[in-house]
Amino acid sequence: MKVEYSGYLGKCKPLIRKLVEELSKDYGYVSVLGTDTKGRSYRVSRTGTIIKDYDFGERGFVVRIHNGINYSEYSFNEIKEENLGDIMAAVHSSLGRAGNLKRNIYDIIVEDEVAENFQGEMEVNPEELGQKAILADLTDIRDKGLAESELVVNFSASYSSSHVSKLFLSGKKELEQSYMLGEARLLSLAARNGKIKYYYKSASGMKGYEVMDEIRDKYRETVQESVNLLDAKPFNPGEYDVICAPDITGLIAHEAFGHGVEMDMFVRERSKGADYLGKQVASELITMHDGATAAKQVSSYLFDDEGVMGTDTVIIEKGILKAGISDILSAGKLGTNPTGNGKRESYERKAYARMTNTCFEAGESRVEDMIASIKCGYLLEGMYSGMEDPKDWGIQCIALLGREIRDGKLTGELISPVVMTGFVPDLLKSISMISDKVEMEGAGYCGKGYKEFVKTSNGGPYIKAKVRLG
Amino acid sequence: MLGIIRKILSEEKADAYKITEYRTESRELFLVKKNVDMDRAKNVRHFKVVVYKDFEEEGILYRGSCNTDIHPTMTEEEIRKVVTDALFAAGFVKNPFYHLAQPGEYMPPGKSRFAEGSLTVHMESLVTELYENDIHEKGGINSSEIFLNKHFRRIVNSLGVDVQEETADCMIEFITVWKEEKEETELYKCLQFSDYSKGDVARAAAKKQEECQKKAKAEKLFALDSGNILLTGEAVQSFFEYYCAKSNAAAVYNGESDWKPGDNIQGEILGDAVNISLDPGMSASTRSSGFDEDGFPLRPVNIVEEGVLKRYAADIRYAHYLKVEPTGVIKNIRVKGGTRSIEEMKREPYLEILTFSDFSMDAITGDFGGEIRLAEYFDGKDTIPVTGGSVTGNIGRVHGHMYLSREIQAENDFEGPAAVSMKGINVTSG
């Protein structure tokens, strides 16, 4: 079924159109992004139940103007016919004021006439399914998880929905979109003799409640892994042959060359990627994509938060760095085409060049053959965290666990946690085998540095590489 | 608006409620090199409502709740629908009963210089300070983002709490760069404060530039045996946040911590004992407040004394569940300095880590680690800057014999040792 568009934004559209027209009398470019995002988060655990509105729910507007030299923005969340004058007065009085500071010059955005709308699809509308049914389902999963092992001190089943509606109006653009995002997660906490370990499984997508079907039956392995982790062993830090599961492959893609090709970093001369366009940065086996249309996941959309249509950018093709991803202002500055990657944490925040759905393409190897090819190494899985370093191309990825491989076989022994560090091209050039199936994951958030959190998905196939583990 | 929400909550027969109103006015500047790349302003208002539904099953009293957002543009009809939906949901939430906060005596937060005068004028002063030492040929500030905010927060609940405060704060994120013979290198810094003295911002920027200069000369970290490791700067705060997380009543109730008051949490102490207090009125902290999110009045409190857990940090709900006195949620951490000076810590070979890519501390397992962006290695004779590689360890295996510096660092919501010296953690080469 189609996802309904916000009635509020529909009602506000004539007012927003009027605001754009009035401000256009004073400024060479005016656009307004309106957002209305609502959703519910549910978490049922042994110790309690939480129901709350989705953390990133919002309803408001951001107006962007060209102030004669560069761009200024004003965010607000109260609009009616009577206060339109106040909004315009605030735009006039608070923007474009930088005292004696010099300003970087930006050209006025040139737009084509376009009017489009998009309504996503879902199978099970959580708003129709109802809160009682969702809680009953989560409670059933929790009970099954808790019954799996006496070592489990807590087990939770969570689901959150995010019903997104956006409106973008400018002199020539009239864009509307609505879609539903769903995230599901199982988390098991096991303890023994004062030692506590945890493991999780998650699923996400541009989906309704059907996303729960992807992990409903995974309570058993979630519990089992948390218990197994209690016996995780220390290991000698050093360089190893590893196989990365798709979530870790996605984390590498994201941290290694996702952040590294955000082109607002090119404008600031903060990315080494700018100097490597057209050069080999990875194994010839590697082709990497990012884009709102590169996959159907949590960062798929018709248009970005600057009114640019989503695309599919080939970032690395057979090991050669081909292109970056950009917001509209960076593209204007660099003389490139915007790629529809201008994203905001909310209407209250600035738009930056951000990743959408980032992944490596599949290869031809079988996972069993990849494991068999390793004499001494680990299979890494379970994304914990990562951090980018676009200037120096360092990489830090932390996996929840590593499965020991000896003489081509999984031994059943685990190590945890595992910190993977290194120089990005060294890591990507060491990739020697790639499995034949891509899996995507988008249950977390991506920050720019330590803020500006947005939804992204990452993924890829299993990859074999040589990395440094600590 | 608040009156309408209260009227609807009463008409829809919420057993209890809490309403929080937030207003924010801000000015933001984004600079590339020394030039303004974009300016932004913001004026927004939000209402967050928690509705409670009490019910009894088999003689046990439950209090269900649901949190919901109310936008200022909602009509009365929309608000009523949101409230009734939330009340309906709360009826399925089978959490043990607990009380809401009662009205109390509130300590006002410290006065911020940003609270008075124009944000635009304050912004100009901050930019001047930030770039004051950007005078070198080989490096400087690559880019910066400055956020100046004035906040209003009011909490009203059904037991008569009606408390409000106005605060102001600043966040400055900046990147320093430096180039020597090798490729240009960079470092990241984020400053947050609700007040500052003249020179604070300039000093912080100069310090980061100096570190960046060192990083430009740094060698790749070579293989080291696990020796004397010195954590400094922001990683020290992340390290001690583990103790706060484990002392939290909610973590105990949810099985994430098994700590009990009276426990010697460091085991046998061969180094320095940990002492931690929480101070809701820490000067210049953006997280200082006279009350928490429940409207509970906050006072300074000691959590850990000489390595022994004295009491849980507990909000009003989890304090009720664990039958302990609530402290409210206090976000400023103060850790007492130790017995050694940094000079004493450096009398033997050491690896002093100045900046991580992202120091990660797992508050459940105590595992910590991160990739090294900049460190200094002293081999007993020479000190050289190094970069790359990583450290990993577990707090349970180091805190019995770690030393805390006598010197204290203070930044935003943390005041504590400037350095922590520890042994027994893994170091991987770069």
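In what follows, every chain begins at residue 1, and chains take the letters A, B, ... in the order their sequences are listed.
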Taking every non-hydrogen pair under 4.5 Å, which of [options] racks up the most with chain B?
{"options": "A/E73, A/K195, A/K52", "result": "A/E73"}
{"options": "A/Y54, A/Y42, A/Y352, A/F76", "result": "A/Y352"}
{"options": "A/M420, A/K391, A/K272, A/E239", "result": "A/K391"}
{"options": "A/L95, A/N77, A/I79, A/I51", "result": "A/N77"}
{"options": "A/N154, A/I196, A/N67, A/N100", "result": "A/I196"}

Side chain, backbone, both or neither of [X] within contact of chain B (heavy atoms, under 4.5 Å):
{"X": "A/R268", "result": "both"}
{"X": "A/I105", "result": "neither"}
{"X": "A/R103", "result": "both"}
{"X": "A/S94", "result": "both"}
{"X": "A/I398", "result": "side chain"}
{"X": "A/V62", "result": "side chain"}
{"X": "A/N70", "result": "side chain"}

Less than 4.5 Å to any heavy atom of chain A: does that hold for the side chain of [X], its backbone, both, or neither?
{"X": "B/E256", "value": "both"}
{"X": "B/V127", "value": "side chain"}
{"X": "B/T392", "value": "side chain"}
{"X": "B/E184", "value": "both"}
{"X": "B/L119", "value": "neither"}
{"X": "B/S65", "value": "backbone"}
{"X": "B/S360", "value": "side chain"}
{"X": "B/F92", "value": "both"}
{"X": "B/E124", "value": "side chain"}
{"X": "B/C190", "value": "neither"}

Rounded to the nearest 0.5 Å, how far apart are [atom1] of [X] and [atom2] of [Y]?
{"X": "B/E145", "Y": "A/K448", "atom1": "CD", "atom2": "NZ", "value": "9.0 Å"}
{"X": "B/Y321", "Y": "A/T47", "atom1": "OH", "atom2": "OG1", "value": "9.0 Å"}
{"X": "B/K33", "Y": "A/N104", "atom1": "NZ", "atom2": "CG", "value": "9.5 Å"}
{"X": "B/N35", "Y": "A/L101", "atom1": "CG", "atom2": "CG", "value": "8.5 Å"}
{"X": "A/Y74", "Y": "B/E28", "atom1": "OH", "atom2": "CD", "value": "12.0 Å"}

Give the member of [options] that has the highest number of heavy-atom pairs under 4.5 Å with chain A.
{"options": "B/T185, B/D258, B/T387", "value": "B/T185"}
{"options": "B/M123, B/K215, B/K94, B/E173", "value": "B/E173"}
{"options": "B/V121, B/T120, B/T68, B/T128", "value": "B/T68"}
{"options": "B/N254, B/T75, B/V93", "value": "B/N254"}

So which atom in [X] and which in [Y] form the shortest heavy-atom distance, rounded to 0.1 Å?
{"X": "B/E371", "Y": "A/G422", "value": "OE2-O, 4.5 Å"}
{"X": "B/S143", "Y": "A/R270", "value": "OG-CD, 4.0 Å"}
{"X": "A/E269", "Y": "B/N142", "value": "O-ND2, 4.1 Å"}
{"X": "B/T428", "Y": "A/G470", "value": "OG1-CA, 3.5 Å"}

Between [X] (side chain) and [Y] (backbone), is there a donor-acceptor pair under 3.5 Å?
{"X": "A/Q131", "Y": "B/D85", "answer": "yes"}
{"X": "B/N95", "Y": "A/G48", "answer": "no"}
{"X": "B/N67", "Y": "A/D53", "answer": "no"}
{"X": "B/D358", "Y": "A/Q396", "answer": "no"}

Just one of B/T365, B/D362, B/D367 clears the side chain to side chain donor-acceptor pair (under 3.5 Å) bar with A/K197, so which one?
-> B/D367

Answer yes if the side chains of [X] and [Y] hold a donor-acceptor pair under 3.5 Å, and no otherwise.
{"X": "B/R40", "Y": "A/S75", "value": "yes"}
{"X": "B/H46", "Y": "A/E58", "value": "no"}
{"X": "A/Y106", "Y": "B/D37", "value": "yes"}

Considering only NZ, NE, NH1 and NH2 on the basic side and carboxylate oxygens on the acidic side, decide whether A/R59 and B/E78 come within less than 4.0 Å.
-> yes

Test: A/K350 cationic atom under 6.0 Å from B/F30 six-membered ring centre, within 45° of axis | yes

Do [X] and [Y] make a side-chain contact, defined as non-hydrogen atoms from C-beta onward lying under 4.5 Å apart?
{"X": "B/I364", "Y": "A/L189", "value": "yes"}
{"X": "A/K451", "Y": "B/F147", "value": "yes"}
{"X": "A/K80", "Y": "B/T73", "value": "no"}

Trace of the side chain to side chain contact (heavy atoms under 4.5 Å, CB included) decision for B/M38 with A/S72 | CA-CA 6 Å; B/M38 176 179 274; A/S72 305; 5.8 Å; no

Could you go step by step and tell me if B/S429 and A/R468 meet the side chain to side chain contact (heavy atoms under 4.5 Å, CB included) rule?
-> CA-CA 8 Å; B/S429 61; A/R468 225 171 15 253; 4.2 Å; yes

